[in-house]
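Worksheet for the structure shown next.
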Amino acid sequence: MSIVTRFAPSPTGFMHIGNLRTALYSYLLSKSKDGKFILRIEDTDQVRLVEGATDVIIKTLEMTGIDYDEGPGVGGDHGPYIQSERLPIYKEYAEKLVESGHAYYCFCTAERLESLKDENGIGGYDGHCRDLSKEEIEKNLAAGIPYVIRQKMPLEGSTSYTDMVYGEVTIENAELRDQIMIKADGYPTYNFCHVVDDYLMGVTHVVRGNEYLTSTPKYCLLYDAFGWERPTYVHLPLLMGKDDEGNVSKLSKRHGAVSFQDLVNNGYLPEAIVNYIALLGWSPKDTNEEFFTMDELKKVFSMEGLSKSPAVFDYEKLRWFNSEYIKKLPEESYEEKALPILTELCPKGINIKKLGALLHTRIATFAEIKDQIGFVVERLPMEEDLYTNKKNKTTPEICKEILEGCLPMLEGVSDWSNDTLFASLKQFAEDTERKAGAVMWAVRVAVARQAVTPGGATELMEVFGKEESIERIKFAIEEL
RNA sequence: GGCCUGUUGGUCAAGUGGUUAAGACGUCGCCCUCUCACGGCGAAAACAGGGGUUCGAAUCCCCUACGGGUCACCA
């Protein structure tokens, strides 16, 4: 039997990175076995619904290379794939369960339900309408009293299932509440409709976050009540974040950017994001390799590599992955991304291409370009301390001499390239019996006015061009 | 609080009764070098605690501690 998995998000906002990871694992599980992957939109909560959220989900899957065989937009034999378009189906199946005695009408008011809770807001339904007589139900229905349909849980015994990650999980049935299947507004709840959909869509492996680990027996009972074969469950450890005090908790906004789009906007590459999150909660067998393309992941992914414990999302490591991906980018693709940013920021006359090349190994995200080139964009204020360098034994005075000395020579250079400039300055150092390092230091600092720069003296001069370079050096001499 | 579940360096994570307990990020040091980055080399750093089982436990069992999840007309 071939594997069918699905990703079933609610369109309630942006694509959380934890959700994306769930989608990825679900996708990989089916694709590693040549199976099918379905996208289903779970929009039964009309209150939390956010306009445009479905588009964000689809766009994210597209950008990350998680392609689905069935779903909104692409169709399939089991549609529609948006739950709000499947309402009659749920109603029909709910009624079946009422008829077979596995579900019942409940007329309890919101106030009554509220009164059942303790001071912590904990406490659920008490089964008040569980055994209403037929007459009573008819009477309430006729009177137009709002109702919900609840699943009738067994009062005794226990329910077990085997999770592919956590092993056998057993819950006492007494722990189970008679949960609502159909809400008063006629919409089904997740608890009910996802089971119906998974069955109807032929889903064989349910991959989801481990917050569902303890409610899964309820869903198993639903399958049993319908006489359907239960799917295989694969619950994933949660993704955590760490706050400034070092406390871990479910990854959320206060830990930083948590949506895929935020990360992309911050200059991270989709490939790097996918690669990194693939390794958060899963690791490949028989290899220490950490770099994987989507195609490679499809080949090496297996459930045995899934871990049970929650993983802390580490922005540092993501950053490292991203820098590696940037370094691996072929020149053309790198320039395609970097050059527009540089063009926008830099004044005319700057050799954008050369500057981009210098930055290639020096940025971890494309957003960092801006931080690196402030000294190019404008002439920074003079700081005399910069001219003092212990290793090269330079002082402001010495630097002034060096600059005055090499200026005429530089003005005579016609081939303003890194190689020529480097050779010329080296020669100048030799002629004046100075260390090359000292000369380079003086020139670099004069041109950049910054201690740490992405590139050496001659590389920067090449970026600035002859005119700007000479001008900056003259300016430095005057100030010293 | 009840129930479920987890716990290997700061973080990710290999390990399925016998290992000097991998590897990666980060940190630190050295080398390379026109500063930085890249690259190369190296170092520090872990089996939550306590009982068992066993000739032998990170690995199996129990207890404790701590973490997380869940107890909705949210998913």
Side-chain angles (χ1 to χ4, degrees), chain A residues 8-10 12 42-45 47-48 106 108 110 113 117-118 120-125 146 148 150 163 166-167 169-172 174-177 179-185 187-191 194 208-217 235 237-238 240 242 246-250 276 279-290 305 307-321 323 327 358-364 372 386 389 391-392 421-422 425-426 429 435-445 448 450-460:
Chain A
S10 292
T12 55
E42 310 218 323
D43 60 344
T44 57
D45 185 348
V47 179
R48 293 203 309 155
C106 169
C108 290
L113 259 24
K117 291 180 178 169
D118 66 13
N120 299 317
I122 291 172
Y125 187 62
V148 301
R150 288 184 184 271
D163 184 84
Y166 291 92
V169 177
T170 301
I171 301 284
E172 294 298 320
E175 296 286 329
L176 274 22
R177 303 281 175 193
Q179 65 183 351
I180 292 175
M181 297 173 6
I182 303 286
K183 297 183 261 187
D185 65 2
Y187 278 78
T189 62
Y190 167 85
N191 297 321
H194 92 272
R208 74 210 336 178
N210 109 354
E211 65 264 32
Y212 294 105
L213 196 65
T214 50
S215 43
T216 295
H235 286 102
L238 259 25
M240 313 295 284
K242 198 181 229 180
N247 302 313
V248 291
S249 55
K250 203 166 166 177
Y276 175 58
L279 264 17
L280 276 179
W282 172 82
S283 71
K285 291 291 164 202
D286 309 317
T287 174
N288 268 333
E289 184 58 52
E290 288 197 289
S307 78
K308 294 176 163 68
S309 44
V312 175
F313 190 90
D314 183 4
Y315 290 91
E316 274 304 325
K317 186 138 189 183
L318 201 218
R319 199 170 163 274
W320 174 77
F321 263 110
S323 74
K327 273 179 276 185
L358 289 179
L359 258 15
H360 200 155
T361 61
R362 281 171 249 251
I363 52 169
Q372 293 252 14
L386 292 179
N389 177 265
K391 194 179 156 203
N392 290 310
L421 289 166
F422 188 71
L425 283 182
K426 213 155 184 192
K435 283 175 67 178
V439 173
M440 298 299 174
W441 184 275
V443 174
R444 188 175 63 85
V445 163
Q450 183 169 289
V452 174
T453 57
T458 57
E459 289 168 318
L460 294 183

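Each chain gets a letter, A, B and so on, in the order its sequence line appears, and its residues count up from 1. Basis for what follows: all heavy atoms, side chains included, without hydrogens, waters or symmetry-related copies. Worth saying up front: this structure is predicted, and the values here are computed from it rather than measured.
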key: Chi angles and distances behind the side chain to side chain contact (heavy atoms under 4.5 Å, CB included) call for A:Thr216, A:Arg208   = CA-CA 11 Å; A:Thr216 295; A:Arg208 74 210 336 178; 3.1 Å; yes
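- Contact annotation: side chain of A:Tyr212 to base of B:A75, donor-acceptor pair present below 3.5 Å.
- For B:U27 and B:C36, the P atoms lie 16 Å apart once the distance is rounded to whole Å.
- Residue A:Lys308 places no side-chain N or O under 4.0 Å from the OP1 or OP2 atom of B:G68.
- Within the structure, a side-chain polar atom (N or O) of A:Thr44 is placed less than 4.0 Å from OP1 or OP2 of B:A75.
- Pairing for B:U54 is absent, judged as Watson-Crick or G-U wobble with the two contacts each under 3.5 Å.
- With a cut-off of 3.5 Å on both Watson-Crick or G-U wobble distances, the partner of B:G2 is given as B:U70.
- As judged by a 4.0 angstrom heavy-atom cut-off over every strand, A:Leu113 is placed among the base-contacting residues.
- Distance A:His360 NE2 to B:C36 P: 21 Å, rounded to the nearest Å.
- Taking only side-chain nitrogens and oxygens, A:Thr189 never comes nearer than 4.0 Å to OP1 or OP2 of B:C73.
- Atom P of B:C73 sits at a distance of 40 Å from the matching atom of B:A48, rounded to the whole Å.
- With rounding to whole Å, A:Lys242 atom NZ is found 13 Å from B:G68 atom P.
- Of the candidates B:G6, B:C74, B:A24, the closest approach to any side-chain atom of A:Ser309 belongs to B:G6.
- Remark: P of B:C74 and CD1 of A:Ile182 are 12 Å apart, rounded to the nearest angstrom.
- Taking atom C1' on both B:U16 and B:C28, the two are 35 Å apart, rounded to the nearest angstrom.
- The closest donor-acceptor contact from the side chain of A:Gln372 to the backbone of A:Arg362 lies under 3.5 Å.
- Where A:Gly455 and A:Asp45 meet RNA chain B, the nucleotide closest to each residue was compared, and A:Gly455 sits on the side nearer the 5' end.
- At a cut-off of 3.5 angstrom, the base of B:C34 holds at least one donor-acceptor pair with the side chain of A:Thr458.
- With C1' as the reference atom, B:G9 and B:A22 are 13 Å apart, rounded to whole Å.
- The side chain of A:Lys391 lies closest to B:U33, out of B:U33, B:A37, B:A75.
- B:G50 sits 15 Å from B:U7 when the C1' atoms are compared, rounded to a whole Å.
- Nucleotides B:C74 and B:C63 place their C1' atoms 37 Å apart, quoted to the nearest Å.
- Below the 3.5 angstrom threshold, one finds a donor paired with an acceptor across the side chain of A:Thr453 and the base of B:U35.
- Following rounding to the nearest Å, A:Trp441 (CH2) and B:U33 (C1') show an atom-to-atom distance of 13 Å.
- Annotation: side chain of A:Ser10 is not in contact with side chain of A:Tyr190 (no heavy-atom distance under 4.5 Å).
- Which of B:G10, B:A24, B:C4 sits closest to the side chain of A:Glu290 comes down to B:A24.
- OP1 or OP2 of B:G39 sits under 4.0 Å from a side-chain N or O of A:Lys327.
- The pairing partner recorded for B:C41 is B:G29, the criterion being a Watson-Crick or G-U wobble arrangement whose two distances lie under 3.5 angstrom.
- Using a 30° and 60° split on the angle between ring planes, A:Phe313 and A:Tyr315 fall in the perpendicular class, above 60°.
- The backbone N or O of A:Ala364 sits nowhere less than 3.5 Å from a side-chain atom of A:Trp320 that would complete a donor-acceptor pair.
- If you measure from atom CG of A:Leu280 to atom P of B:A24, you get 18 Å, rounded to the nearest angstrom.
- Distance noted for atom P between B:U54 and B:C61: 16 Å (whole Å).
- The listed nucleotides are B:A13, B:C25, B:A75; the one nearest the side chain of A:Trp320 is B:C25.
- Picking from B:U11, B:A13, B:U35 the nucleotide with the shortest atom distance to the side chain of A:Ala311 gives B:A13.
- Between A:Phe321 and A:Tyr276, the two ring planes are tilted [angle within 30° to 60°].
- Distance from the side chain of A:Val248 is smallest to B:G67 among B:G69, B:G67, B:C12.
- Checking B:U33, B:C73, B:A37 against the side-chain heavy atoms of A:Thr361 singles out B:A37 as nearest.
- Among the nucleotides B:A75, B:G68, B:C34, the one closest to the side chain of A:Phe422 is B:C34.
- Using a 4.0 Å heavy-atom cutoff across all strands shown, A:Cys108 reaches at least one base atom of the nucleic acid.
- The separation of B:G18 from B:G51, taken at their C1' atoms, amounts to 22 Å, rounded to a whole angstrom.
- Straight-line distance from the CG atom of A:Asn191 to the C1' atom of B:A72: 9 Å, rounded to whole Å.
- Contact annotation: A:Lys317 side-chain N/O to B:G10 OP1/OP2 distance is not under 4.0 Å.
- The environment of NZ in A:Lys183 is crowded: more than 12 heavy-atom neighbours from other residues, nucleotides or ligands sit within 6.0 Å.
- If you check every strand for non-hydrogen atoms under 4.0 Å, A:Thr12 touches nothing.
- Across every strand in view, B:U19 sits unpaired, with no contact that passes the Watson-Crick or G-U test at under 3.5 angstrom.
- Side chain of A:Thr44 to main chain of A:Tyr187: no donor-acceptor pair is present (N/O by atom type, distance under 3.5 Å, no hydrogens or angles).
- Side-chain N/O atoms of A:Ser307 include one lying less than 4.0 angstrom from OP1 or OP2 on B:A13.
- Along RNA chain B, the nucleotide closest to A:Trp282 and the one closest to A:Phe321 are compared, and the more 5′ of them pairs with A:Trp282.
- The distance between atom CG of A:Asp185 and atom P of B:C73, rounded to the nearest whole Å, is 12 Å.
- The residue A:Gly209 sits apart from the nucleic acid: no heavy atom pair falls under 4.0 Å.
- Remark: A:Lys285 is in phosphate contact with B:G15, judged by side-chain N or O atoms under 4.0 Å from OP1 or OP2.
- A:Arg319 comes within 4.0 angstrom of nothing in the nucleic acid, heavy atoms only.
- Classification of A:Arg48 and A:Asp45 as a salt-bridged pair holds, one side-chain N sitting under 4.0 Å from a carboxylate O.
- The NE2-P distance, from A:His235 to B:U5, rounds to 12 Å in whole Å.
- Proximity note for A:Glu175 (side chain, C-beta onward) versus B:C34, B:U70, B:C3: the nearest is B:C3.
- The main-chain N or O of A:Asp314 is never found under 3.5 Å from a side-chain atom of A:Arg319 such that the two would form a donor-acceptor pair.
- In this structure, A:Leu279 reaches the sugar-phosphate backbone alone: every heavy-atom distance under 4.0 Å involves primed, P, OP1 or OP2 atoms, never a base.
- Nucleotide B:A65 is matched to B:U7 when pairs are restricted to Watson-Crick or G-U wobble geometry with both distances under 3.5 angstrom.
- Base pairing analysis places B:U59 opposite nothing; no Watson-Crick or G-U wobble pair with both distances below 3.5 Å involves it.
- Checking B:A75, B:C34, B:C12 against every side-chain atom of A:Val312, the shortest atom distance belongs to B:C12.
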